[in-house]
Structures are given as structure tokens and as C-alpha cells.
Amino acid sequence: MRRNIEVCEDKIKERLNKFLTSSSNKRYIQEFIISKRNDRYVIPIKSSYKNEVDGTILDSSSKGTTVFIEPQNVSKFSLELISLRAEESIEEYKILSYLTELIFEKLAEIKLNVEIIGEYDMVFAKAKYSLNNKCVTPLVNNKGYIKIIKGKHPLLKGRVVPLDFEIGKAYRSLIITGPNAGGKTLSLKTVGLLTLIAQCGFDISAEGDTEISVFENIFVDIGDNQSIENALSTFSSHIKNIAEIMNSSNKSTLVLFDEIGSGTEPNEGASLAIAILEEFYHMGCILVASTHYGEIKNFADMHPEFENAGMLFDKETLEPLYKLVIGKSEDSNALFISKKMGIRDKVLSRAELYINKKQYNLELVKKSKIEQKDEVEETYIIKNDYSIGDKVFLLEQDDYAIIHKEADKFNNVEVLYKDEFIKMNIKKIKLYLKASQLYPDGYDINSLFTSYENRKLEKDIKRGSKKALKNIQKEIKNNKLK
């Protein structure tokens with residue numbers, strides 16, 4: 001059928017090409033191309049000759065200048081082509097129905113095979129992931145015990161400092177401290193991701209004897225979720241998230257908090273954070289939290305079921321080591337990091353003094369440079385008298401002008417600026433040079449505000465120039481006519 005369709009189409013195109021190349025048809029043809037309308041082959045003919053061409057009009061252009069005609073000698077082939085395509089469509093439907101019936105008979109086996117292939121595909125994908133990332137199959141428990149040996153974040157590449165981590169036996173809550181950009185948040189994410197990956201049945205990037213607990217819930221509060229639209233500050237968004245976590249947690253829950261209690265007054269924030277941590281402990285959760293608050297560190301030291309951990313920091317090179325050490329807390333090292341970021345040494349020295357002795361420098365500042373400048377400018381504006389001819393600086397235009405009229409009772413002066421007279425308040429101008437410094441004694445200041453043509457005309461009138469008088473009379477006459 002499809003071969004017959006091709007033969008039929010070739011016959012149609014052959015006859016249409018003969019029509020296009022015939023010299024007797026040239027004057028009828030609008031464009032020498034074969035077109036298609038309603039899936040039938042046509043020739044564009046000028047509308048004025050539509051009755052001269054033997055054929056069927058199938059369409060016309062939007063402007064009506066062209067009609068699309070199927071010549072009479074191809075009509076029978078067009079009908080044959082339509083019939084062949086209908087037969088083709090029926091045959092396609094028969095074939096597809098037959099194939100569908102074959103599939104339907106084996107549908108259960110096919111579905112089972114697809115599921116089995118999917119399972120095998122997942123198994124091989126897990127194995128490939130494990131080999132490529134040098135992963136191990138961890139031991140698994142449901143008691144909340146996690147022990148990660150040389151664990152690595154699954155998305156980090158290159159030289160990664162491995163994480164050694166343990167929780168759930170001697171203590172059920174761990175407080176991580178250390179400098180900003182030292183790796184606290186990364187440690188929280190690594191613990192959470194490795195736990196989730198293991199629960200999904202994947203090997204994890206760690207070393208042998210690593211053990212992971214299976215939890216019913218894993219909740220995380222990391223990052224800044226502040227929202228102007230929902231009227232949430234940084235602190236509010238954290239507390240809202242923690243409240244939702246608290247309502248959904250049970251004894252089989254892993255909770256990860258980053259910078260708990262931050263974003264508000266330190267004393268209140270630390271106290272609230274301790275109360276929150278204590279509540280999650282009483283609920284039986286496994287809890288890991290990072291903080292900068294010393295009160296939380298002290299609480300963890302005193303509580304038998306809490307433990308401190310710290311991210312190491314090299315104070316000589318001022319570089320974080322990204323190494324977690326369980327059993328001791330680490331300072332935030334804000335001064336060292338500030339020094340690295342370029343804060344002045346005298347500022348850091350005062351900060352260190354305030355940390356150690358709490359004695360603040362309350363010495364009064366006499367007068368800042370800004371205050372002195374404002375006072376000088378204010379005095380200057382009040383005392384200075386602008387004179388006609390003074391050159392001044394316009395503050396808003398960032399340009400110079402000449403005083404034309406002195407200040408009125410509203411402290412407004414008139415200046416000549418770019419051939420225009422404009423009014424300016426004296427607060428918006430600044431004296432640049434006095435007229436006495438610019439012009440010699442006896443200089444006609446008014447000449448500054450008169451154009452060259454007007455000055456020349458005045459001189460000509462004074463010396464009795466007839467030409468000047470004629471020009472004046474002519475101008476008067478023109479004005480009267482207007």
C-alpha cells in the first residue's frame with residue numbers, strides 16, 4: 001500500500017511539473033511551485049485566470065489575488081491517493097490491534113519482567129555507586145546508635161577531610177562548637193545524609209565497622225528561612241520550624257539543629273535553646289546541634305547524657321581544620337577570623353580587652369570631622385553676602401554660575417547659568433570666587449549679563465550710528481505690525 005502511495009504521488013507531481021513548465025500556462029500561474037491544500041496537490045493560479053484553467057479550486061489567498069487549483073488531469077490520481085491512504089490507515093489499525101492482543105495475553109508476564117528489570121537496574125546502580133565512591137555496607141541497628149568512621153559527604157569531591165562521629169551509647173545529645181566556616185554545618189549534613197542513604201539501602205562513603213541506626217523520623221533545621229511575605233525573621237523562622245519538629249518527634253527520631261537559639265538576644269536565646277534541647281532529650285530523641293553560646297557548652301558539660309564536640313582551628317595559620325573532635329568544646333575564634341577578614345588590629349585589641357575585663361571605653365568624642373564640617377558650612381552660609389558678579393558653585397548641577405541678583409528676604413539669589421537666569425537658594429550654592437577677585441576696578445559688571453550684540457548696539461546708538469537707528473526703527477515697525 002505504501003509503495004502504491006509513493007507511485008501515485010510521483011504520477012501527480014509529474015503531471016503538475018508538466019503543467020508548470022508548459023509555455024501556454026505561464027500567464028495563469030502566480031507562483032511556479034507545487035503546493036498542498038487539504039492534503040491535495042495544487043498550483044497557485046492568478047485569480048483573474050481562475051476560469052481559464054481546467055480544474056478544481058480548493059482554496060484562495062487571504063487577499064483573494066491567488067486561487068489554488070487542482071488541475072483536471074491529476075484529479076483521478078488525487079482520489080486514488082485518498083483511497084490508498086484510507087486503506088493504509090485501516091491496515092495500520094489492524095496491525096496495532098493484533099499486536100495489542102498479543103501483548104494483552106502476556107501482560108502479567110511483561111509487567112513482572114519490567115519490575116524485575118527495574119530491581120536489577122537499581123541493584124547494579126547501587127553497586128556501581130558503591131564501587132565508584134569506595135563505599136562500605138554499614139552495620140544497622142534500631143537503637144539510635146550511630147558510629148561513622150572516616151565518613152564523607154556524598155556530594156563533596158577532591159581532598160575531603162573525613163568525619164569521625166559517634167552518638168547513642170554514652171550520650172544521646174551532642175553539642176558541636178567551633179569557628180564560623182569551620183565545618184559545623186557540614187558535619188550535621190554529613191550525619192543526616194549518610195543516615196538517609198543507608199536507610200535507602202545504599203552503601204555509604206565510610207570505612208568498615210561504621211554503624212547506622214534506622215529512625216522513624218529525621219528532622220533538620222539548617223539555614224535561614226526568613227520570609228518578608230510571611231513576616232518571619234531569622235529567629236521566628238527557626239522557632240516555627242523547631243515547634244513543628246517538636247510536635248512530630250518521638251523516641252525514634254534523629255534531630256539536627258544548626259545554630260540553635262541564634263538570631264535573638266544572646267541570654268534569652270541561650271536559655272531557650274537549653275530548654276529546647278532538654279525537651280528533645282526527655283522525648284528520647286537522638287540530638288545533634290551546633291552553637292556559639294558558652295552557656296550551652298556549660299550545660300552539655302554538666303549533663304551526663306550530653307557531650308561537647310569541637311571543630312579544630314589552627315590559630316597560627318588562622319585556618320579551619322574541618323576536623324571534629326568529640327569530648328571537648330572549641331571557641332568560635334571570632335577575633336582570629338575577623339583578623340583574617342581585614343578588621344584593624346586596634347579594633348581587635350579593644351574587643352579582646354572587653355572580652356577579658358568587661359571594661360568599656362566610654363571616653364566622649366570631642367567633635368567628629370563631619371560635625372565640624374557641617375558647622376563651618378552653616379556659619380559660612382549665614383555670614384557670607386553674595387554680590388553681583390560673584391562666581392558660585394551650584395551643588396545640584398555640579399557646575400558654576402554668576403550671581404545676577406543678590407539674596408532677597410527668602411535667601412534666594414538669581415544666577416546666570418548657561419545663558420539662563422534662574423533662582424537658587426543660598427543653601428544650594430557655594431562661593432567660588434568674589435567679583436573683586438575676578439574683575440579689575442571700574443569693570444562694568446552688568447556687561448556680564450548682556451549679549452555681545454546688545455552691547456554693540458548700545459555703543460552704536462551712543463556714537464549716533466545711522467545703521468543702528470534704522471535697525472531700531474525697523475524693529476519698532478515690525479512690533480507694531482505684530
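All values derive from a computational prediction rather than experimental measurement. Heavy atoms only: backbone and side chains are in, while hydrogens, waters and symmetry mates are out.
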* What residue pairs, at least two apart or across chains, pass side chain to side chain donor-acceptor pair (under 3.5 Å) with a residue in residues 408-417? ->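 Passing the test, one end in residues 408-417: Asp399-Tyr417, His404-Glu414, Asn412-Asn425.
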* Charged tip of Lys430 within 45° of Phe393 ring normal and under 6.0 Å ->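 No; the conditions do not both hold, so Lys430 does not lie above the ring face of Phe393.
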Should we say atom [atom1] of [X] is surrounded by more than 12 heavy atoms from elsewhere, each under 6.0 Å from it?
X      : atom1 : result
Lys423 : NZ    : no
Glu119 : CD    : no
Lys126 : NZ    : yes

Would a distance-only check, ignoring hydrogens and angles, find a side-chain to backbone donor-acceptor pair under 3.5 Å from [X] to [Y]?
X      : Y      : result
Asn141 : Lys143 : yes
Asn308 : Lys297 : yes
Asn38  : Arg40  : no
Thr177 : Ala309 : yes
Tyr293 : Asn267 : no
Ser97  : Tyr93  : yes
Asp390 : Ser387 : yes
Ser248 : Ile245 : no

* To do: Take Phe299 and Phe306 through the test ring-ring contact (aromatic ring centres under 6.0 Å, His included) and record every step on the way to the result.
  => CA-CA 8 Å; Phe299 172 78; Phe306 278 71; 5.1 Å; yes
* Working for ring-ring contact (aromatic ring centres under 6.0 Å, His included), residues His238 and Phe257 -> CA-CA 9 Å; His238 280 299; Phe257 287 147; 9.1 Å; no
* Decide side chain to side chain donor-acceptor pair (under 3.5 Å) for Arg37 and Ser35; before the verdict, give the C-alpha distance in whole Å, the side-chain angles of both, and the deciding distance to 0.1 Å. => CA-CA 7 Å; Arg37 288 294 185 275; Ser35 183; 3.1 Å; yes
* **Contacts of type salt bridge (Lys or Arg N to Asp or Glu O under 4.0 Å), residue Glu6, not counting sequence neighbours** =>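 Glu6 satisfies salt bridge (Lys or Arg N to Asp or Glu O under 4.0 Å) with no residue once adjacent residues are dropped.
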* To do: Could you give me the CA-CA distance, side-chain angles and deciding distance for Thr137 and Asp203, then say whether side chain to side chain donor-acceptor pair (under 3.5 Å) is met?
  => CA-CA 5 Å; Thr137 303; Asp203 288 349; 2.7 Å; yes
